J.: 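Just dropping this structure here.
The chains referred to below are lettered A, B, ... by the order of the sequence lines, with proteins before strands, and numbering in each begins at 1. What you see is a predicted model, and the numbers here were worked out from it, not measured in a lab.
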There are 2 protein chains.
Amino acid sequence: MANIHEVAKQAGVSSATVSRVLNEAPTVTEKTRQKVEQAIKQLNYEPSMLGRNLRNSESRLLLVLIPNFSNPYYTEIINGIEDYSVEHGYNILLCETDSNPKRENTFFNMVKNKLADGIISMDPTVNMSKLQDLALDHAIVMCSEYDEYERIPYVAIDNEAAAYKVMKHLIRLGHDQIALINSDEKFLYARQRRKGYERALEEFGLPLRNELIYNTQNLDFQEGAQAIRKFSQLERNPTAAFAVSDTLAIGALKEVNVRGLKVPEDFALVGFDNISFSNMTNPTLTTVAQPMYQMGTTAASMLIKQLQGQEVDSIMMDHELIIRESTLN
Amino acid sequence: MANIHEVAKQAGVSSATVSRVLNEAPTVTEKTRQKVEQAIKQLNYEPSMLGRNLRNSESRLLLVLIPNFSNPYYTEIINGIEDYSVEHGYNILLCETDSNPKRENTFFNMVKNKLADGIISMDPTVNMSKLQDLALDHAIVMCSEYDEYERIPYVAIDNEAAAYKVMKHLIRLGHDQIALINSDEKFLYARQRRKGYERALEEFGLPLRNELIYNTQNLDFQEGAQAIRKFSQLERNPTAAFAVSDTLAIGALKEVNVRGLKVPEDFALVGFDNISFSNMTNPTLTTVAQPMYQMGTTAASMLIKQLQGQEVDSIMMDHELIIRESTLN
DNA sequence: GTGAAAGCGCTAACAT
DNA sequence: ATGTTAGCGCTTTCAC
């Protein structure tokens, strides 16, 4: 592969001029530009990003941290990030951390190493203090999950309000024994959704029964099914459940079906995230939708603004309760 | 952020020595090494990959091309690629082409530009001739979908044999009106699976009815549902369908349910890919499993071997028919 | 309007 | 065992 000097030689100009043509500098004569462009074609030349990046000390690469590729929740957000970034001359590198600190470190180092310009973290398991250190002299944005102390700008939804809205919906349908299938409460969103759950109970004068709250290890289908099995051992069974993830709700739905109960007649179910499968289950699943694509574009725009030296503020996005068959009355 | 020279100065050595320490060269005295390591700590130094990569003219970054993030089919393969790559000192960049030639070009250029070392393409819509051009002087491997003319090494399964196996299973259950929900036959895998479908019909003496073959635009749920609607208008309805993707099968299942037919009693259904959700549907879905994770590690190992200058051969992996509720008799 | 030359941060060949 | 030096490919200041 030819380099800039060979092109310069071929065109009978200096490498500086070739560089000017590449960067569309306005000072180049039309004639020179044509000579250079011809040489570029002839030699099939492609400028090396590596050289350019080293010189400019930027890589135009953005890192997107997610715990794993398997959760469909992230796909639309990623689409938003990708579209916005590409449109603004950045590429994104999707980084699966597997909640593995070592792996996470690799990605942090890429930023320190100048191999990437900034990070959008959607990983709830991220090492917050390390991320904050990094944020001291690098562009960082959080998406969905965020820093409670607000030292890193984020885009997210009001999880407590969303959970409250779900509960209100179920309570209005007449349910008074509503289970919560929550993820590990080390995650901020889990704590927030639980808060919304509890606030609704309180406001509607329903008792809080701790045995109706099940905390899962992860968001796999199996965990949702496991929650239902656990609840079935109670003396007084719940008649509805709010799962903080569609994947959990789908696993729960499966188990409820297996047990011969009818949804929504015998048991009502609500998920969270509005993943595409949630509309394919039988019955279809009531869930909370976040404006995922828009969250993605917003996060990307915040990051790129940071890279341009601007200050950015955190943003709360709207959410929406989507009522489907699993909670019809 | 400090550079290698400042570290050298701080440690009272030359930058070459610092480089030696960084690269664990065996010729450095223990004493010198300690001095250097201390200086590195003091200055909080991180070597710049950019400088290193430029010098070594490699980026240790691998591109993985997929048409879109939304298809869960790819996740396990990607996990395999990622694990193997990271273990061998490479990072992967997940590239969504959206079947968009412009986007695709961006990624090809990254390889030409030395921003990435090689490509694993899982995109059936990839521009094969451009990819072949690139393969002339760059490391390329295909996964799942491949080059019919075998100019680019691939890892894949025997699609025709898999389709044949599915059909044999359905025929043995007594079905003689079996529909095929196929994707666009511009894709090699679609042509191969159709071939298996037709071969089975022929070998078991069943007539080929063209109206029982529905070609979809994409693999969305809706297309699967649409296929069922189309079949329902026929005078003689099929009693079973083989969908070349679980997503299509799940959409079809939904529509069959909506129409009040029972699966598998009234209608049998088989998918392809064994995505995790295929075991969560009601009834669970019979499908064909590919050794996805292993396909990923294999593809990555082939690519890295290429980068090391070795010749590699294409590999056919095994597949397995997983019989679940949707085809019980 | 264009060229010469320095330098981004690193590594490797060569010299000591 | 360590230092000196050149150069990977590019951009940009400074001359002209």
Side-chain angles (χ1 to χ4, degrees), chain A residues 1-40 43-61 89 109-117 137, chain B residues 1-40 43-61 89 109-117 137:
Chain A
M1 175 77 40
N3 66 21
I4 200 171
H5 290 107
E6 300 175 45
V7 175
K9 203 169 151 191
Q10 171 89 3
V13 299
S14 77
S15 60
T17 299
V18 177
S19 175
R20 289 191 186 100
V21 171
L22 291 173
N23 294 287
E24 295 170 0
T27 66
V28 187
T29 333
E30 182 54 28
K31 208 173 129 197
T32 319
R33 136 167 288 111
Q34 292 194 351
K35 272 196 301 182
V36 171
E37 279 171 353
Q38 202 187 342
I40 288 177
L43 296 179
N44 205 2
Y45 166 73
E46 299 274 353
S48 158
M49 293 275 175
L50 233 41
R52 175 175 294 173
N53 292 347
L54 177 60
R55 175 63 220 223
N56 297 342
S57 73
E58 66 165 9
S59 62
R60 301 221 142 226
L61 205 59
N109 281 335
M110 288 184 69
V111 176
K112 293 188 191 162
N113 290 336
K114 300 279 181 192
L115 249 199
D117 291 345
D137 36 30
Chain B
M1 173 81 37
N3 65 22
I4 200 171
H5 290 106
E6 301 175 44
V7 175
K9 202 169 150 192
Q10 171 91 2
V13 300
S14 76
S15 60
T17 300
V18 177
S19 175
R20 288 189 187 102
V21 171
L22 291 174
N23 294 286
E24 295 171 1
T27 66
V28 188
T29 332
E30 182 54 27
K31 207 175 131 197
T32 319
R33 135 167 289 112
Q34 291 194 351
K35 273 196 300 184
V36 171
E37 279 170 353
Q38 203 188 341
I40 289 177
L43 297 179
N44 205 1
Y45 165 74
E46 298 274 351
S48 158
M49 292 273 175
L50 232 41
R52 177 175 292 171
N53 291 347
L54 178 61
R55 174 65 221 222
N56 296 343
S57 73
E58 66 166 10
S59 62
R60 299 220 143 226
L61 204 59
N109 281 336
M110 287 184 69
V111 175
K112 292 187 191 162
N113 290 335
K114 300 282 185 187
L115 251 199
D117 291 346
D137 36 31

J.: To the nearest 10 degrees, what angle separates the axes at the start and end of the helix from C/dG1-D/dC16 to C/dT16-D/dA1, five pairs each?
T.: 40°
J.: To the nearest 0.5 Å, tell me how far A/E6 CD sits from A/L43 CG.
T.: 7.0 Å
J.: Would you tabulate the side-chain donor-acceptor contacts of residues 30-39 of chain B under 3.5 Å, counting partners in other chains and residues two or more places apart, or write 'none'?
T.:
unit_1: B/E30; atom_1: OE2; unit_2: B/Q34; atom_2: NE2; d: 3.1
unit_1: B/T32; atom_1: OG1; unit_2: B/T29; atom_2: OG1; d: 3.3

J.: Show the numbers, then the answer: is there a side-chain contact (heavy atoms from CB on, under 4.5 Å) between A/L22 and A/R52?
T.: CA-CA 11 Å; A/L22 291 173; A/R52 175 175 294 173; 4.2 Å; yes
J.: Between atom CG of A/N3 and atom OG of A/S48, what is the distance when rounded to the nearest 0.5 Å?
T.: 9.5 Å
J.: Quick one: how far along DNA chain D does chain A reach, first to last nucleotide 5' to 3', anything under 4.0 Å to a heavy atom?
T.: D/dG9 to D/dT13
J.: Quick check for you: to the nearest 0.5 Å, what is the distance between B/T27 atom OG1 and B/R20 atom CZ?
T.: 5.5 Å
J.: Between protein and nucleotides 6-16 of chain C, map the contacts as a letter string: B base, S sugar-phosphate only, - none, heavy atoms under 4.0 Å, written 5' to 3'.
T.: BBBBBBBB---
J.: Roughly how far, to the nearest 0.5 Å, is the CE atom of B/M49 from the NZ atom of A/K112?
T.: 11.5 Å
J.: For A/S14, which residues count as a side-chain contact (heavy atoms from CB on, under 4.5 Å) partner, sequence neighbours excluded?
T.: A/A16, A/T17
J.: Just to confirm, is there a sub-4.0 Å distance from OP1 or OP2 of C/dG1 to any side-chain nitrogen or oxygen of A/T27?
T.: no
J.: Looking at every non-hydrogen atom in both residues, tell me the closest pair between B/S59 and B/L115 and how far apart they are.
T.: OG-O, 3.2 Å
J.: Let me confirm one number: the CG-CG distance from A/N53 to A/L61, rounded to the nearest 0.5 Å.
T.: 8.5 Å
J.: Applying side-chain contact (heavy atoms from CB on, under 4.5 Å), name anything that partners A/L54, two or more places apart in sequence or on another chain.
T.: B/L50, B/L54
